[in-house]
S.K.: 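Following this message is one structure expressed as structure tokens.
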Amino acid sequence: MIIIMEPEATQEQINRVVNKLEENGFRINMNLGDVLTVIAAIGDKRLVQPQSIASLEGVREVKLIQEPFKLASRESKKDDTVIEFSNGVKIGGLNKPVIMAGPCSVEADYNGLLAVAKAVKASGAQILRGGAFKPRTSPYDFQGLEEKGLELLARAKEETGLLIVTEVMDTLDLPLVEEFADIIQIGARNMQNFKLLKAAGKYGKPVMLKRGPAATIREFLLAAEHIMYAGNEQVILCERGVKGIDSTYTRNTLDLAAVPIIHKYSHLPVIVDPSHGTGRRYLIEPMSKAALIAGANGLMIEVHHDPDRASSDGAQSLTIEQFTNMMIDINKIIGRLDWDNKHATIAK
Ligand code: PEP
Ligand code: MN
């Protein structure tokens with residue numbers, strides 16, 4: 001950290017700052033200017049909280065030179081994290097973006113789920129999404145089939161070979177969800193459920209963490225840090241929109257700038273979810289294309305065999321036909337994507 005002292009700071013006040021840092025193992029580099037004294041201190045911030053320095057007499061300002069997230073940061077790991085699955089699917093780095101698709105909720109109609117799973121696979125998806133534990137704003141809305149839903153996902157996996165991503169809402173359900181999921185999803189509403197993050201960090205399965213509706217990118221990366229610090233470095237980030245100033249035309253504001261920003265500051269893969277990000281069916285295709293060009297490592301898209309009768313999020317779910325048509329263009333873009341220093345370009 002960099003500590004800027006007040007111009008009138010006394011030598012005693014400067015010494016107090018330096019001593020506190022040195023006692024905790026920080027290396028100090030002093031810069032005695034004509035007006036201001038600037039102290040550069042390198043060490044473990046967990047041993048001395050920046051706030052505890054900022055509150056000392058004579059200190060004007062404390063600036064952090066390192067990102068507050070360590071394990072998730074590019075400073076600590078230059079190479080992209082690539083998450084590999086037993087069937088050869090890879091998420092992250094310069095690998096081809098992956099497609100996760102399926103219904104918002106797993107519903108009792110298994111044939112509907114299977115029809116969606118087969119269709120999305122035929123169009124190029126590698127991962128089937130579907131919520132068995134549903135975080136719903138209202139307690140009167142469909143809450144998910146829970147274990148039964150997980151069993152239906154397992155059947156669809158068996159029949160199609162697709163990997164499964166599904167949400168866990170509670171630490172108590174983690175052992176069960178972990179048994180069925182290839183990727184454990186932590187939803188936007190639970191992005192700062194620190195107990196759940198830490199618990200998911202104790203399991204070996206990759207975790208897809210969705211950005212909270214009001215979370216800054218820094219808070220998002222710090223949430224990922226909790227999972228990593230607990231022992232699980234296989235974290236995938238998912239941008240799914242934040243609360244914006246206008247919900248007239250969109251459900252959330254999809255922050256596509258988050259994609260290159262996260263690639264700059266973190267080595268973790270980033271998926272974009274234009275379904276929750278926009279809430280409108282007609283916006284899924286343009287936002288999916290934009291996300292790929294922005295450098296997303298994949299997309300998560302809601303698809304339903306009969307959206308008008310879906311138990312949740314019908315308005316933002318594509319029909320099988322719409323998804324299939326959209327994927328013609330998406331596959332062309334994926335096929336031509338090239339990366340130049342993390343920025344996607346279309347190959348000539
Ligand atoms: C979901 O993907 O099923 C979901 C509930 O999304 P979010 O957590 O982003 O709202
Ligand atoms: Mn949904």
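This chain uses plain numbering: 1 for the first residue, then up along the sequence. Keep in mind it's a predicted model, so treat the numbers as computed, not measured. Every number for a ligand or one of its atoms is a count from 1 in the order of the listing.
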S.K.: If the test is salt bridge (charged side-chain N to carboxylate O under 4.0 Å, His left out), which one of Lys205, Arg129, Lys157 qualifies with Asp182?
M.R.: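 It is Lys157; the other options fail the test.
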S.K.: Which residue, Glu302, Met287, Gln316, forms the side chain to side chain contact (heavy atoms under 4.5 Å, CB included) with Pro274?
M.R.: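 Running side chain to side chain contact (heavy atoms under 4.5 Å, CB included) over Glu302, Met287, Gln316 with Pro274 returns exactly one hit, Met287.
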S.K.: Are Arg136 and Phe142 in a cation-pi contact, defined as NZ or CZ under 6.0 Å from the six-membered ring centre and within 45° of the axis?
M.R.: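 No, Arg136 does not lie over the aromatic ring of Phe142.
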S.K.: Non-hydrogen atoms closer than 4.0 Å to ligand 1: which protein residues do they belong to? List them by chain and number, please.
M.R.: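 The answer is Arg129, Lys134, Pro135, Glu167, Gln185, Gly187, Ala188, Arg189, Lys210, Arg240, His276, counting any residue whose heavy atom sits under 4.0 Å from ligand 1.
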S.K.: Using 4.0 Å as the upper bound for N to carboxylate O, is an ion pair formed by Arg74 and Asp79?
M.R.: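 Salt bridge: no.
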S.K.: For the side chain of Glu225 and the backbone of Lys70, is there at least one donor-acceptor N/O pair under 3.5 Å apart?
M.R.: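 Yes, the answer is positive, given that a donor and an acceptor are paired below the 3.5 Å cut-off.
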S.K.: Which other residues end up in the same hydrophobic cluster as Ile236, if Ile, Leu, Val, Met, Phe, Trp and Tyr are linked when side-chain heavy atoms come under 4.5 Å apart?
M.R.: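 Ile83, Phe85, Val89, Ile91, Val98, Met100, Ile127, Leu163, Val165, Ile183, Met208, Ile271, Met300, all in the cluster of Ile236.
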S.K.: Can you sort out the partners of His304 under ring pair (Phe, Tyr, Trp, His ring centres under 6.0 Å), two or more places apart, ordered by chain and number?
M.R.: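 Expected list: none.
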S.K.: Same cluster for Leu237 and Phe194 if Ile/Leu/Val/Met/Phe/Trp/Tyr side chains link at under 4.5 Å?
M.R.: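 Leu237 clusters together with Phe194.
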S.K.: Sorted by chain and residue number, which protein N/O/S atoms are under 2.8 Å from the Mn ion (ligand 2)?
M.R.: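 N, O, S partners closer than 2.8 Å: Cys104 SG, His276 NE2, Glu302 OE2, Asp313 OD2.
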S.K.: Please check if the number of heavy atoms outside Glu61 that lie under 6.0 Å from its CD is greater than 12.
M.R.: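 Atom CD in Glu61 is crowded, with more than 12 foreign heavy atoms closer than 6.0 Å.
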